[in-house]
Protein chains: 2
Amino acid sequence: MATLRDIAARVGVSVTTVSNVLNGRPNAGRDIREQVLRAAKQLGYRPNRAAQAMRTGRTRAIGLVLPDLTNPFFPELAQAVENTARSAGLLVCLIDSQGKVEGEADGFSLLMQHAVDGVIWCPLGPTAPATLSNFSKPVVLVDRPQPRYDVVQSDYAMGGRLLAEYALRMGHTSIGLLSGPLRIESARQRRDGFVNALPDKRRIAWELNVGFDGHLSCDAVGALTRRRSATLVVCGNDLIAISAIRCLAEHGIRVPDDISVTGFDNIRWADLVTPRLTTIAQPIGAIGAKAVELMRERMSGEALVSRRTIFDVALVERDSVRRLVPR
Amino acid sequence: MATLRDIAARVGVSVTTVSNVLNGRPNAGRDIREQVLRAAKQLGYRPNRAAQAMRTGRTRAIGLVLPDLTNPFFPELAQAVENTARSAGLLVCLIDSQGKVEGEADGFSLLMQHAVDGVIWCPLGPTAPATLSNFSKPVVLVDRPQPRYDVVQSDYAMGGRLLAEYALRMGHTSIGLLSGPLRIESARQRRDGFVNALPDKRRIAWELNVGFDGHLSCDAVGALTRRRSATLVVCGNDLIAISAIRCLAEHGIRVPDDISVTGFDNIRWADLVTPRLTTIAQPIGAIGAKAVELMRERMSGEALVSRRTIFDVALVERDSVRRLVPR
DNA sequence: GCTGTGTAGTGTAACGTTTCACTCGGCAGA
DNA sequence: TCTGCCGAGTGAAACGTTACACTACACAGC
């Protein structure tokens, strides 16, 4: 790998001058500047990040700490984050905690050792790992707000409301809820947004809290739908919805003929499964890009107060909800 | 952050001695050793990776270059790689090229700048980016073999054979092929494995090559299945299979009643969609873990010749294939 | 008493970059 | 002509770590 010294030697100037030119500082004449640039290109010069990091304390790498890549929301997010970061010259270091708090702590510890410039983080739960207390770099939260941090998320209350209005419009008056884990803020917002937009809370026939990972007990779901009279099951995310449809099929209950189902997230699969899933679309790509943008601002020391960016969501009507009343 | 110098000052020895102790080198007495260790713990010492990297040229970080996180095979792989790497103290730096060769090249360039110790790579195509030619660190390939590199993959020929035997057993004698991109070795192995295990090649009614990303033209698929007489469509991976099922549904063709479909990979969704997908399971987690293992051997300079690790695959029989002959 | 060997520990030079303080002309203004 | 300033460029130190060559001493063998 070519170094500043190599370039300096070739052009016949000092290392300092080369550094100045390459960093766009003004103190260099026209022709020297050009010679340096040319030599750098010829030699295929790439700054040695380790050396830069040692000198400046910044690495131009960020951490991305996620709970579970197996939930398709996160790969889409990771893809957006990585691509946006890369086009800003930032390297993304991935941690997948697999839903385990120790994993999250380990991950942060590893990221600290490598002195990443910041972390984009979708926290497992409301309590930050102890490791984080002595992590002095910027943190941007995604999807799951916590006090004192920047956060990027979708307007989940709006999503819930959209779903409630739609349910009513389609004539569903008795509703089952397959909510996500309510200790997670974003699950609660979705659920409350829906429930609060209902004119009458008694329309909730039953509610079951399950994990966002979509591992649910088919027996429980089957029993619930059979015993109580819901005509629509509103699920905390698409993964839960798709799993639920599968469970129902095993009990001989067809969607949407026998019961309707809605999802949340509009992951790619929502459009691929049968029946195609009616769900709430959130702009996952935009969320990832925005998170990187906020991170970059923090990294350059611009931001002072914690900011909250909330994206609008939209209803995507497909085939998993049956109309019970004439239009 | 505490440095070696801080520890040295506190204990009253030289920086070299502290370094020696912390790196487990033998030249230090019992008591000094203990004092140093104690001081390191008290001060919360963490080695500065940047400084280490600059001195030793190794970073204890590896790259993971993937074509498309949107294909669920890759998140599962990434999860396994990250977790295995982390438990070996290795940080994983992610690149998602989104199927673009320039993205792959950019990614490698970024990884080189950051001087990762090696790259686990699922290449986009048979030609390595030019960037790679001056990348001197170890590379371990996943899923897609190329000459001169270590590779970890599944026995795709076996998978194809298993599928062919199963198809015959179930009485399917006219078969449509929705193969992946044949310029990719792993797609070709799957396809050839299947075709070669067929007693009579004329049983192939039609063949269409599509992307592994499952974006396919429903018109083309519909036309093909309608016009020619296949009773079973063998797909290059689960994503293609699930998309195909969706396309067929849009044309009013039901699976498995009207036509049967098989996938390949056994991603999590294979079990969740309706009908549940009959497919070939490959041990994605084991593949990721093995890739990291090979990488670690290479990093410590053990391996000399390029090695190929091939995992067995298994048929997973579910609901997407109809039996046409009595048992 | 001398040599050889082993243990415990030190000093210093790197690695590649950035930063600070500096020099050296030339030129404008008084 | 002198002063001061500006543009163009330089030298050296520092970041935290490791590797190498070295010292100092003790002790065994002859």
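A note on names: the letters A, B, ... follow the listed sequences, proteins ahead of strands, and every chain is numbered from 1.
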As a test of reading the structure: which of [options] is closest to the side chain of [X], going by heavy atoms?
X: B/N48; options: D/dG16, C/dT17, C/dT10; value: D/dG16
X: A/T3; options: D/dA19, C/dT19, C/dG16; value: C/dG16
X: B/R55; options: C/dT12, D/dT18, D/dC15; value: D/dT18

How many Å lie between [atom1] on [X] and [atom2] on [N], as a whole number?
X: B/R60; N: D/dT17; atom1: CZ; atom2: P; answer: 16 Å
X: A/R46; N: C/dG16; atom1: CZ; atom2: C1'; answer: 16 Å
X: B/L4; N: D/dC15; atom1: CG; atom2: P; answer: 13 Å
X: B/N20; N: D/dA19; atom1: CG; atom2: C1'; answer: 9 Å
X: A/L22; N: C/dT19; atom1: CG; atom2: P; answer: 14 Å
X: A/R58; N: C/dG16; atom1: CZ; atom2: P; answer: 23 Å
X: A/H114; N: D/dG16; atom1: NE2; atom2: P; answer: 18 Å

(request) Check DNA chain C against residues 25-44 of chain B and give the residues with a non-hydrogen atom under 4.0 Å, in numerical order. (result) B/N27, B/A28, B/G29, B/I32
With distance as the sole criterion, is a donor-acceptor pair present between the side chains of [X] and [Y] under 3.5 Å?
X: B/Q189; Y: B/Q153; result: yes
X: B/R38; Y: B/Q35; result: no
X: B/R10; Y: B/Q42; result: yes

Side-chain N or O of [X] versus OP1/OP2 of [N]: is the shortest distance under 4.0 Å?
X: B/Q52; N: D/dG16; answer: no
X: A/N23; N: C/dT18; answer: yes
X: B/S19; N: D/dT18; answer: yes
X: A/T17; N: D/dT10; answer: yes
X: B/R5; N: D/dC15; answer: yes

(message) Can you tell me how far apart CD (A/E76) and CG (B/D96) are? Round to the nearest 0.5 Å.
(response) 11.0 Å
(request) Determine the contact category for B/T16: base if any of its heavy atoms lies under 4.0 Å from a base atom, sugar-phosphate if only primed atoms, P, OP1 or OP2 are that close, otherwise nothing. (result) base
(request) Tell me what B/V13 touches on the nucleic acid: a base, only sugar-phosphate, or nothing, going by heavy atoms under 4.0 Å. (result) sugar-phosphate
(message) Please identify which of these residues, B/D312, B/D265, B/D155, meets the side chain to side chain donor-acceptor pair (under 3.5 Å) condition with B/Q282.
(response) B/D265
(request) State whether the side chain of A/R46 and the backbone N or O of B/Q113 hold a donor-acceptor pair below 3.5 Å, judged by distance alone. (result) no
(message) Quick one: does any side-chain atom of B/N23 pair with a main-chain N or O of B/R25 as donor and acceptor, under 3.5 Å?
(response) no
